[in-house]
Amino acid sequence: MTWASHLPIIVVLIPLLTAYITPMLGWMDKRICNPLVIVSTSFAFIASLLLARSVLTRGVISYHMGGFAPPFGIALVVDYFGAYMCIVISFLTLMAAIYSREYIAKELHESKTAPYYTLLMLMTGGMMGASVTGDLFNMFVFFEILSISSYALVAITGKKVAILASYKYLLLGAIGTSFTLVGIAYLYILTGTLNMADLSVRLASLYGVGRSSWTLLVALAFFMVGYSIKAALFPLHTWLPDAHSMAPSSISAVLSGILIKVGALALIRVLFNIFQPEFVVETIPVTSMISWMAAVAIIVGSLFAISQVDLKRMLAYSSVAHIGFIILGVGLATGYGTTGGILHIFNHAMAKGCLFLCAGAIIYKTGLRNIDDLAGLGNKMPFTMAAFTIAALSMIGIPPTAGFISKFYLGLGALETGTWSGWVFIGAILLGSLLTAIFYMRVINNIYFKEPLHREDVQRDETPLGMLIPILILAGGCVIFGIFPRIPLSLAEPAAKLLLGI
Amino acid sequence: MEIYSIRPILAVVIPFICALLIAVTGEKNRDLREFWTLAASVLGCMVVISMFPHIYSGGKYIFTVAQIVPGVELGFRVDAFGMFFAFLSSFLWIVTSVYSIGYMRALKEHAQTRYYFCFAACIASAVGIALAGNLLTLFVFYEILTMSAFPLVMHEETSAALDAGKKYLAYTLSGGALVLFGMAMTYTLTGTLTFASHGFLAGHGSEQLLKMLFVIFILGFGVKAAIIPLHSWLPSAMVAPTPVSALLHAVAVVNAGIFGIVRVVTNVYGIELVADLGLLLPLAIVASITIIFGSIFALAQDNLKRMLAYSTVSQLSYIILGAALLSPSSLSGGVAHIAHQGFMKITLFFCAGAILVQTGKKNLSEMHGIGHRMPLTMIGFTIGALGMIGAPPICGFISKWYLGLGALEAGHPIFTAVLMASTLLNTAYFIPPIYNAFFKEPEGDLIESREASWWLLGPILLCALISLIFGMVPMIPYTPLQLARTFLGV
Amino acid sequence: MIIISCLPVIALLSPLIGGIIAYQAGKISETARDLISIVAAIVSFIVIVAMVPTILNGNTIEYSFYYTAISTLPIAFRVGPFPLFLGLVISFAWILSAVYSHRYMERLHSRNRFCLFMSLTLSAVIGTLFAKNMFALFIFFEITLFTSYVLVIHEETPEAMAAGKKYLFLGLATGLVMFFGILLVYLQVGTLDLGKRGILDGVHGNILYVILFTLLVGALFKAGMFPLHVWLHSAHPIAPSPASAVLSGVVVKEGCYVMIRILYDIFGVNLLKTMLVSNWLVLLGGLSIFFGSAMAIRQHDLKTMLAYSTVSKVGYIFLGAALLTPTGLQGAMVQIFHHLLAKSALFFCAGALIYKAGIRDIDQMAGIGKKMPITMMVFTIAALSMIGVPPLVGFASKWYIVLGALEAGRPLAIGFGLVLMLSSLMNAIYFIPIIINAFFTGESEHGEHKEVRPDDVPLSMAVPMVILAIGIIVFGVLSATTSVVVIKPTVNAMMGL
């Protein structure tokens, strides 16, 4: 056993350990927190890449904590999907961390620097853990870690609205967590195990057998509702717009970019890893149900976004729509569709991360949040706004940005179902894309083509380099992965195939 | 015998080059500009004349420029009929040029460069039409003619002129579109558009289709030939300067329409096919109606040029009638009438122009006694008018004689009656002006007027003389009648 | 024979990179910016010319970035006769447009941006032309929408923004419909290759009609066909004139190009014939011809009128292509070529009028021909070509289309004869009064352009116009030669003859 075989636990431990060290070092010198976090997330990112490489070469990795084999020991199982999620999470967190150095200095009181980074690392650790775990209860634990740290991060500015938003998030989040806990309990009663692989085997014998199948269904229902809250799937999204718009922008980027995707990951795990695809697709058409919900989410989320005047709220509602895209792709349960859904996790993370970081930059420089006030920014902050435009185009799904590739796969997936509902879904995808264009183009038009109210506003005043670099990297990613989609697809495709068992 | 020669293209290119030279010279050097016109007209006419002997002995000239569409080239093929029309246009160009110089300078017309430029372009395209070896080439020049005559029609730039121009264009372009359509149809039927001595459509397509196609062609070319009810652009176009009227009525434009019809009848369909299809009688009837109604309309006019315009409408249908009757005599009479009508009508218009220049009068009712003040002009007018009526020994008689003969040959004496009736009507509108001119005393400002300059008078007398010569000795070589007979092989 | 060469990519990248460099250079020197953008267009043109001999020898040039593939769909390029032919003309028109812009734009704002997006649009259009499969094609097709959007709203006035909004959102919506069609095709046959003269052979049933409809919606929108023209008459006129010229002259042709590729390379002639849709498509083309002309007659704004005229001419192109006969297709191609030259020339003239005399309204043009003779002569030649007067190149296209209609069948032909006649007349009705007004009427009492001295536009604007006018005449006279050398082989290649 070389060190490389410990990668599954390394990726989880790096952020968690950092979370413990940060407050101590921060107590000595606050300036040290940021480099520390950047270095550790970089390591996490590299470790994730290595993990992905070993998954690609060796197949699914099962890592037994302390050498105890499941179902007795705690197992970490890294499949393609898990590795993929690790990369996305560590990558975006890294960007947010780089961005935070200058952003936080201005947005947060100095005393909150150390808690901020601590919470960020905790949250990352939770997300990484949820991605690689092979145990349902572990999943629950990691979810608690990430949820609680995110409640705190939303409220960290200490503004009243932020605290209210956090409280709303907390309430709904708590309901979600309890639901999943109940679901876990039911499954444990039924099978006596919480190891996912083990569960999947034991549950297979229970499909459609007498009373126990009712228990099974109730458990499934609890999981669905619980994780849908975490994923902010319509109509359980109500906490999201407040929380995501009130949090500091770097946190909004992480929340919108990856945290809700971890909710989606949990949904996927429940649907395809614990229950069998044929069960959730055919016996009890859960996937079809969540597809419909997702389709509604796409349309409704976009419509809500259109009616917003606050830039960050608009971005938040856009996330509601796009989590719809992801869940729809997953729910289609076809090769293309699920690939598209998984691919969109990455593409959306980059684009939405970039957009939130840009929004943060705008607030940082001008204090503006209202979309109508953004006139003239194209001249004031050309690079930031160019990045914003590229990311927005990726959200709309304009080639050659990455968003187009996911749209392509999602569309293929919808049609691949071969049913009339598939045609409705593709209608929703296309309509959603158009609606997305409506609200993003409004912003872009304001930025570039609207007469600014005050001439002095258009003086060149670019975002500081430290914040600009992550923005540009993300925007660049939107284009590069649009032109070279094979890079994310090399993981997303086998991930989908493995999940669907095809 | 067919000779490959650049003469046809030369005849077309010379006026075009002339047009360019005119444009380049411009208003700065008027004498040079008008020298170009005269020189080119003489040169062009000489080129056409140089083709006479060979053509007259039954040969042809051929020249191919470029392929327009595969299988159809921009090509020339000169036969007697084409050369006949080319000669008419290029010769009358000389005359009209001389006249124009006098007329335009006397009236101090504006935009003379444009005028000469367009005039030369019109001649070039008329010659192109005449010498065209296939329908497409003919059509190309036909449309260039339409476009280049258009600024001339509107030359005055008054609102009446602008309206006339628009009307002219609306009519002729619709006609052009029909011709294009017919041509395309012909091409799909046969895969060729090259004129053949006895037509090339025989054996292609159903009878129904051929009939329809024929109607399309007649309607298309009929617009320029001013067949009633497609004639109304012609009287409106009278607002243009007199030399332009001459161009429209005698030199190029209406003749081009007639020429097109004759080409279609003889070289596209072939006389036999047209006869077989039974299309001639309707055509003849249309022509007769035009003859009669054109004359009746002319009766009602007081404006001299408008009267002449309606007279043209009527006279042109003589030619169509001749083609429709399809007997050798009527055909040769009809074809010859293209030239005869041209010379006579140009005389009449020149006279009208001379009167306008000298007295400013446009209406017949104001011209009483003019013969006392402008005797030579009015003698020319009288010759032209008598020719129109068909009185011997003027060339109009010759055509009418052959037409009447042809009607009898064809077994349709009713058309002879039409000719008689038309003669009567012509008399009714031409004689009173002549009478008034010579036998009434001049009054008002007419008393002061004098004969026009030789720039104007020369062309009038020359054309009148030629009308007389063609009428008196029609049997000498190279007269229109002889050329027509050569072409028809009679 | 397939030759692997990166020339297509260079043709595509040259304006892209050149545009970006020019944008930066524009901050220092405007002349340098314009020179760079002109040079970039010239490089692109030369590169395309360099491909001519290879293509004429019957080879195709290909280049693929296989690493950019998703599944079996790489972003790849293939240059056959048709894309090459169109690319040549388009890049040439672009040079002229760039030259023209130099002086024209000097009075407008955001010149650097304009220059950049002109170059980007060229790059995207070339990408569309050279795309090897429908996937790559669609990518560039969508990019064009966005880059040209910036050109449309250049003025940034409320009207421009409204026009741009209509253009962008309808473009997106129709693009999405087309995208749907592409997905359908891909799922049905698993390929989107454009080189096989029809890839849908194994597909049956109503799905074919759905595919045809959805694909055509996107293409016809960009082409401005009735009833998807609703954006064109507001978007084209509102842009600065060099942009109007390329929008109407080139971007619309991109739509036509895609439409032809859809008909001939996705469906293929044989399949379309069995689908019995030709007559309906022809009818649609006829409607577009008629409608565009009818609306053009009603306009007073010169550029709006020209835009409606585009609607009508696109109808010709569509009609010619939809006839599914070699001659019809040939007519469509000649029409593409013709309209590109003539409409660019007309918009250049319209721009010259705005530049020199501030005239946009047709009624104000009285007597302008005497003051701006070169401009109005070019206008006249282009307008006559639009009407279809021989021997200008517009005539040749009309001729082929009529022939194509007649080849296709008789009842159709007769109906088409009517449309053709009507449209010729209608063209005349809206173009001729302008010419008349310009040359034959005196200046109106209001004297809108009294201050205009009788010198023509600057040389750098006059030269592109004159070149186009000469092109109209020369290619009209030589239409048979060009047809034999270029268009006929192209058509044969596309029809598989």
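Chain identifiers are assigned alphabetically (A, B, ...) following the order of the sequence lines, protein sequences preceding nucleic acid strands; residue numbering begins at 1 within each chain. Reckoned from all heavy atoms, side chains included, excluding hydrogens, waters and symmetry mates.
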By a 4.5 Å heavy-atom criterion (distance strictly below it), what part of [X] contacts chain A: side chain, backbone, both, or neither?
| X | result |
| --- | --- |
| L184(C) | both |
| V210(C) | side chain |
| F140(C) | neither |
| L170(C) | neither |

Please state whether the side chain, the backbone, both or neither of [X] comes within less than 4.5 Å of a heavy atom of chain C.
| X | value |
| --- | --- |
| I438(A) | both |
| L412(A) | both |
| L430(A) | both |
| L434(A) | both |

Among I182(C), L183(C), L137(C), find the residue that satisfies the side chain to side chain contact (heavy atoms under 4.5 Å, CB included) test when tested with L192(C).
I182(C)
Run the ring-centre check on [X] versus [Y] and record whether the distance is less than 6.0 Å.
| X | Y | result |
| --- | --- | --- |
| F213(C) | F180(C) | no |
| F138(C) | F404(A) | yes |
| F408(A) | F135(C) | yes |

For residues Y257(C) and L129(C), report the shortest heavy-atom separation together with the two atoms involved.
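Heavy-atom minimum between the residues: OH-O, 2.5 Å.
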Between the side chains of S307(A) and Y317(A), is a donor N or O closer than 3.5 angstrom to an acceptor N or O?
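No, Y317(A) and S307(A) have no side-chain donor paired with an acceptor closer than 3.5 Å.
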